[in-house]
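The analysis underlying the following values was restricted to heavy atoms, covering all of them including side chains, and did not include hydrogens, waters or symmetry mates. Remember, it's a predicted structure, so these values are computed and weren't measured experimentally.
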Amino acid sequence: MKLVRVGAPGCERPAVLEADGILRDLSAVVPDIDAALLADLSVLPDPASLPVLDTTGLRYGPPLARPGKIVCVGLNYHDHARETGAEIPTEPIVFMKAPDTVVGPNDTVLVPRTSLATDWEVELAIVIGRTAAYLTADQNPLDHVAGYTISHDVSERDFQLFRGGQWDKGKNCATFNPLGPWLVTADEVPDPQALALTLSVNGTLRQNGTTADMIFPVAFLVEYLSQFMTLYPGDVINTGTPAGVALGQPEPKPYLRAGDTVELAVTGLGTQRQTFADA
């Protein structure tokens with residue numbers, strides 16, 4: 001099932017997108033697509049029983065209302081580590097993004113006022129559906145996943161790498177986490193390690209990878225993170241990005257500026273398209 005939220009920012013309504021492209025209104029059944037719903041998807045009715053929504057001019061918002069934690073994994077693709085000259089990590093590199101960085105998949109993204117190096121990163125995002133704490137591999141960590149979506153982990157590399165402290169200051173600028181367009185339930189993604197990810201900037205393909213190249217796969221990440229923090233329904237895990245980011249390009253690196261358009265896609269999870277503007 002593809003769960004979506006449509007409407008103006010702050011006024012989105014929950015809906016279901018059927019395979020034939022018909023959008024059906026869920027607002028009479030559930031108040032929103034949120035942690036409470038993800039913890040019990042069995043309340044969802046047969047989509048055929050729901051009223052049809054007119055999609056003309058309809059904005060897609062983030063497919064998850066009020067996300068909890070956004071836990072991010074850095075350097076999680078072999079080819080991305082190689083392009084940046086980094087050693088392959090022996091354990092996941094973990095940082096956090098604030099939930100208020102989340103915007104819709106096609107919303108404007110803002111280049112920070114003093115930015116020197118705003119960069120792109122297409123990522124598979126895991127959305128948690130069952131509380132997970134101290135999991136072991138034999139508990140099947142994937143059973144705790146409600147579904148998957150596309151995350152654009154926009155990053156300011158100068159803030160991240162050269163301004164001291166942790167990575168967080170380069171990851172938490174306003175609008176730096178477009179999410180969506182759909183939250184695809186886990187039953188429709190039988191193998192999260194077999195998904196293609198692409199990203200283009202102004203029509204030029206920059207990233208073309210596969211989740212098969214992850215250093216730490218999805219199931220391991222859920223298990224691993226649950227050793228350090230409790231994962232709750234509505235939490236999101238950004239799982240890292242493949243090679244092709246601006247940071248890994250030769251000088252002059254093609255960092256993003258106002259007016260640039262970025263398009264992202266992940267197999268079965270839809271597409272995103274953002275135009276960048278000055279903050």
Side-chain angles (χ1 to χ4, degrees), residues 1-70 99-109 122-131 142-152 175 177-190 192 195 231-238 263-275:
M1 185 175 290
K2 294 179 174 66
L3 301 174
V4 301
R5 299 172 66 248
V6 293
C11 301
E12 295 93 346
R13 66 169 60 187
V16 176
L17 183 67
E18 295 193 276
D20 57 6
I22 293 176
L23 194 64
R24 294 187 179 270
D25 191 356
L26 268 175
S27 60
V29 180
V30 295
D32 216 332
I33 298 170
D34 56 12
L37 175 62
L38 297 181
D40 185 13
L41 290 171
S42 67
V43 303
L44 293 175
D46 178 356
S49 66
L50 300 170
V52 174
L53 284 172
D54 181 3
T55 60
T56 305
L58 203 56
R59 168 186 173 270
Y60 281 79
L64 175 63
R66 299 173 296 281
K69 297 184 289 294
I70 302 177
D100 63 8
T101 61
V102 171
V103 293
N106 305 312
D107 289 349
T108 299
V109 175
V122 58
E123 306 202 5
L124 171 68
I126 305 165
V127 182
I128 298 297
R130 287 176 53 196
T131 299
L142 293 183
D143 286 347
H144 296 259
V145 175
Y148 303 91
T149 189
I150 303 173
S151 179
H152 189 180
T175 72
N177 203 142
L179 199 67
W182 315 318
L183 196 168
V184 180
T185 52
D187 60 297
E188 291 198 12
V189 186
L195 305 177
L231 300 172
Y232 295 101
D235 285 351
V236 176
I237 303 171
N238 288 347
E263 296 174 279
L264 305 77
V266 176
T267 304
L269 305 185
T271 61
Q272 296 187 1
R273 185 179 190 275
Q274 299 111 32
T275 298

Discussion item. Assess the residue pair V102 and V236 against the criterion (side chain to side chain contact (heavy atoms under 4.5 Å, CB included)); give the C-alpha distance rounded to whole Å, side-chain angles, the decisive distance to 0.1 Å, and a yes or no.
Written reply: CA-CA 11 Å; V102 171; V236 176; over 6 Å; no

Worksheet item: If you measure from CG on L50 to CD1 on I22, what distance do you get to the nearest 0.5 Å?
Response: 11.5 Å

Discussion item. Would the distance check show the side chain of R24 and the main-chain N or O of P47 forming a donor-acceptor pair, the cut-off being under 3.5 Å?
Written reply: yes

Practice prompt. Kindly give the heavy-atom pair with the smallest separation between P105 and P178, and that separation in Å.
Written response: CA-CB, 4.5 Å

Worksheet item: Checking T149 side chain against W182 main chain: does a donor-acceptor pair fall under 3.5 Å?
Response: yes

Practice prompt. Would you give the length of the straight line joining atom CG of L142 to atom CZ of R130, rounded to the nearest 0.5 angstrom?
Written response: 11.5 Å

Discussion item. Less than 4.5 Å apart, side chain to side chain, heavy atoms only: is that true for T131 and P233?
Written reply: yes

Response to the item:
dist L269:CG -> L195:CG (nearest 0.5 Å) comes out at 6.0 Å

Discussion item. So Y232 and K69, do their side chains get closer than 4.5 Å, heavy atoms only?
Written reply: yes

Practice prompt. Tell me, with the steps shown, if L37 and L44 meet side chain to side chain contact (heavy atoms under 4.5 Å, CB included).
Written response: CA-CA 9 Å; L37 175 62; L44 293 175; 3.9 Å; yes

Discussion item. T175 vs D107, test: side chain to side chain contact (heavy atoms under 4.5 Å, CB included). Steps then yes/no.
Written reply: CA-CA 8 Å; T175 72; D107 289 349; over 6 Å; no

Discussion item. How long is the straight-line distance from CD1 of I150 back to CG of L264, given to the nearest 0.5 Å?
Written reply: 6.5 Å

Discussion item. Could you walk me through whether I237 and D235 satisfy the side chain to side chain contact (heavy atoms under 4.5 Å, CB included) test, starting with their C-alpha distance in whole Å, then the side-chain angles of each, then the deciding distance to 0.1 Å, before giving a yes or no?
Written reply: CA-CA 7 Å; I237 303 171; D235 285 351; 6.0 Å; no

Worksheet item: Do side-chain atoms of E12 reach the backbone of Y60 as a donor and acceptor pair under 3.5 angstrom?
Response: no

Fill in: Within 6.0 Å of CZ in R273, more than 12 heavy atoms from elsewhere
no

Practice prompt. Over all heavy atoms of both residues, which pair between S27 and R13 is shortest? Give the atoms and the distance, please.
Written response: OG-NH1, 4.2 Å

Discussion item. With side-chain contact (heavy atoms from CB on, under 4.5 Å) as the test, pick out the partner of L3 among L17, V30, V184, L41.
Written reply: L41

Worksheet item: Nearest heavy-atom pair of P99 and G68: which atoms, and what distance?
Response: CG-O, 2.9 Å

Worksheet item: CD1/I33 to CZ/R66 distance, rounded to the nearest 0.5 angstrom?
Response: 11.0 Å

Worksheet entry | CZ-CG distance between R5 and L64, expressed to the nearest 0.5 angstrom | 7.5 Å

Worksheet item: Can Q274 and H152 be counted as having a side-chain donor-acceptor contact under 3.5 angstrom?
Response: yes

Practice prompt. Please name the pair of heavy atoms, one in S151 and one in N177, separated by the smallest distance, quoted to 0.1 Å.
Written response: OG-ND2, 2.8 Å

